[in-house]
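Okay, structure first, notes after.
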Amino acid sequence: MKRNRFESWLQNIYHTQEEEISCTECFDLVSSFVDLELSGENPAAKMPQVVQHLQQCAACREEYETLHDLRRFEDEGGALSLKDLQDLIP
Amino acid sequence: MPATRTNQEWYHDLTAGGESQEAAIADLRNILLRAALYFFSRNLSDFWGLSRDEILQQAEDCAQDALIAVMNHLSDFRGDSKFSTWAYKFAINIALMAARRERWKGVSIDELSDPEEDAFSEWVMRDKPDSISPEQSAMQEELRSVIRNVIDHDLTDKQRQVLRLMVFNEVPMDEVVRHMGTNRNSVYKLLHDARLKIKSGLQSRGFEVGETLALFGAAG
């Protein structure tokens with residue numbers, strides 16, 4: 001069953017820690033987090049504070065997901081040219 | 001396609017001066033534009049009503065802003081990721097802010113901030129399940145009452161305002177940041193402190209994590 005927004009928020013409340021990293025700290029760490037993840041390592045074990053922040057912060061999570069997908073796409077040989085990307089804009 | 005340089009080569013070329021630097025800056029701008037376009041292509045609904053040329057121009061503007069940000073932060077690059085991954089995040093960050101600004105440009109955030117509006121109840125009722133037992137319903141009502149009590153009596157005005165905007169009205173963080181004239185870290189801290197107070201209020205009334213989430217059918 002799809003979790004509704006109130007349930008998701010309740011989860012966020014219960015998963016709140018006394019100390020959480022800031023958006024700036026997450027931004028500093030997210031590029032090495034993504035590269036570790038794409039190299040097959042387990043960044044969550046090394047940087048649990050990033051995982052915790054990404055669960056709580058929708059803006060940082062969206063940036064992480066975009067960065068992850070873009071880099072993974074390139075790693076898989078799917079890098080698009082500028083023209084290809086411009087053509088995705090209708 | 002991304003220019004193929006090692007991290008050291010990127011750093012060297014971007015700080016070298018002369019033709020090497022010019023070429024590296026042109027390549028960097030290209031990869032930043034790719035990241036902005038990639039983000040925009042995933043979020044086209046944010047640009048509803050804009051022409052293709054206007055969207056492409058916004059991507060160019062984001063790439064330019066990201067280029068300035070990357071050059072300003074070049075000394076912060078520690079080499080613990082690929083340079084391109086590190087640079088991409090600046091473009092994605094700026095593209096996300098531009099996209100959300102475009103989506104919310106006609107919306108009055110002042111109205112959504114109105115403390116007289118019962119945003120919490122409206123938000124909760126939007127997703128209320130149709131069929132639950134009377135016992136579940138009573139427990140859920142009690143839980144909502146505890147949360148409302150904490151919001152009304154224990155939060156600061158700013159914590160309440162951020163909660164109302166970001167959670168109950170789903171305003172993106174960067175729009176709240178712009179509205180309040182602050183930064184992401186401050187808004188995140190307000191939201192974090194509000195969450196901590198609500199968590200503490202729930203636990204002090206006996207709502208432990210497992211049973212509370214089970215009450216709503218969510219796994220812990």
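Just so it is clear, the model here is predicted, and its values are computed rather than measured. A note on names: the letters A, B, ... follow the listed sequences, proteins ahead of strands, and every chain is numbered from 1.
A:Ser31 and B:Thr85 make their closest contact through O-CG2, 3.7 Å (heavy atoms, listed as atom of the first residue, atom of the second, distance).
Of the residues listed (A:Gln17, A:Glu20, A:His15), the one engaging B:Arg195 in a side chain to side chain donor-acceptor pair (under 3.5 Å) is A:Glu20, and it is the only one.
For the atom pair OG (B:Ser81) and CZ (A:Arg71), the distance works out to 8.5 Å, reported to the nearest 0.5 Å. With rounding to the nearest 0.5 Å, the separation of CZ in B:Phe39 from CD in A:Glu63 is 7.5 Å.
Using modelled atom types and a 3.5 Å distance limit, the side chains of B:Thr212 and A:Tyr14 yield a donor-acceptor pair.
In terms of heavy-atom pairs under 4.5 angstrom with chain B, the leader among A:Leu88, A:Asp69, A:Asp84 is A:Asp69. Most heavy-atom pairs under 4.5 Å with chain B: of the set A:Thr66, A:Leu85, A:Asn12, this distinction falls to A:Thr66. Of the listed residues B:Leu44, B:Asp193, B:Leu191, the one with more heavy-atom pairs under 4.5 angstrom with chain A than any other is B:Leu44. Between chain B and the residues A:Val34, A:Leu10, A:Leu38, A:Ile13, the most heavy-atom pairs under 4.5 angstrom are made by A:Ile13. Of the residues considered (B:His73, B:Arg100, B:Arg184, B:Met166), B:Arg184 shows the highest number of contacts with chain A, using heavy-atom pairs under 4.5 Å. Most heavy-atom pairs under 4.5 Å with chain A, from the set B:Met97, B:Glu208, B:Lys199: that is B:Lys199. When each of B:Asn93, B:Leu56, B:Leu33, B:Leu96 is checked for heavy-atom pairs under 4.5 Å with chain A, B:Asn93 comes out on top. If you tally non-hydrogen atom pairs under 4.5 Å between each of B:Val187, B:Asn183, B:Asp76, B:Ile147 and chain A, the highest count goes to B:Ile147. Contact tally against chain A (heavy-atom pairs below 4.5 Å) for B:Asp174, B:Ile55, B:Ile198: the top residue is B:Ile198.
Only the side chain of B:Asn43 comes within less than 4.5 Å of a heavy atom in chain A; its backbone stays farther off. Only the side chain of B:Phe120 comes within contact range of chain A, with heavy atoms under 4.5 Å apart. Proximity to chain A (any heavy atom under 4.5 Å) is shown, for B:Ile94, by neither the backbone nor the side chain. Contact of B:Leu143 with chain A is made through the side chain alone, with heavy-atom distances under 4.5 Å. At a 4.5 Å heavy-atom cutoff, the contact between B:Arg42 and chain A is made by side-chain atoms alone. Contact annotation for B:Phe47: neither backbone nor side-chain heavy atoms come within less than 4.5 Å of a heavy atom of chain A. Both the backbone and the side chain of A:Ala59 come within less than 4.5 Å of a heavy atom of chain B. Using a 4.5 Å cut-off between heavy atoms, B:Ala35 touches chain A through backbone and side chain atoms alike. For a residue to count as touching a neighbouring chain, one of its non-hydrogen atoms must lie under 4.5 Å from one of that chain's; by this rule B:Tyr188 touches chain A with the side chain only.
Residues B:Leu213 and A:Gln11 form a side-chain contact, since some pair of their non-hydrogen atoms from C-beta on lies under 4.5 Å apart. Contact annotation: the side chain of A:Trp9 approaches that of B:Leu163 to within less than 4.5 Å [non-hydrogen atoms, C-beta and beyond]. Within the 4.5 Å cutoff, the side chain of B:Arg34 has no heavy atoms near those of the A:Ser81 side chain. Using a 4.5 Å heavy-atom cutoff, the side chains of A:Tyr64 and B:Lys89 are not in contact.
Between B:Lys189 and A:Glu25 there is no salt bridge, since no side-chain nitrogen of the basic residue lies less than 4.0 Å from a carboxylate oxygen of the acidic one. Taking the charged nitrogens against the carboxylate oxygens, A:Asp28 and B:Arg78 have no contact shorter than 4.0 Å, which rules out a salt bridge. Under 4.0 Å is where a charged nitrogen must lie from a carboxylate oxygen, and between B:Lys82 and A:Glu74 no such pair does.
The main-chain N or O of A:Ile89 is found under 3.5 Å from a side-chain atom of B:Arg52 such that the two form a donor-acceptor pair. Put simply, the side chain of B:Asp80 never gets that close to the backbone of A:Ser32: no donor and acceptor are under 3.5 Å apart.
Aromatic pair A:Phe27/B:Trp86: centroids not less than 6.0 angstrom apart.
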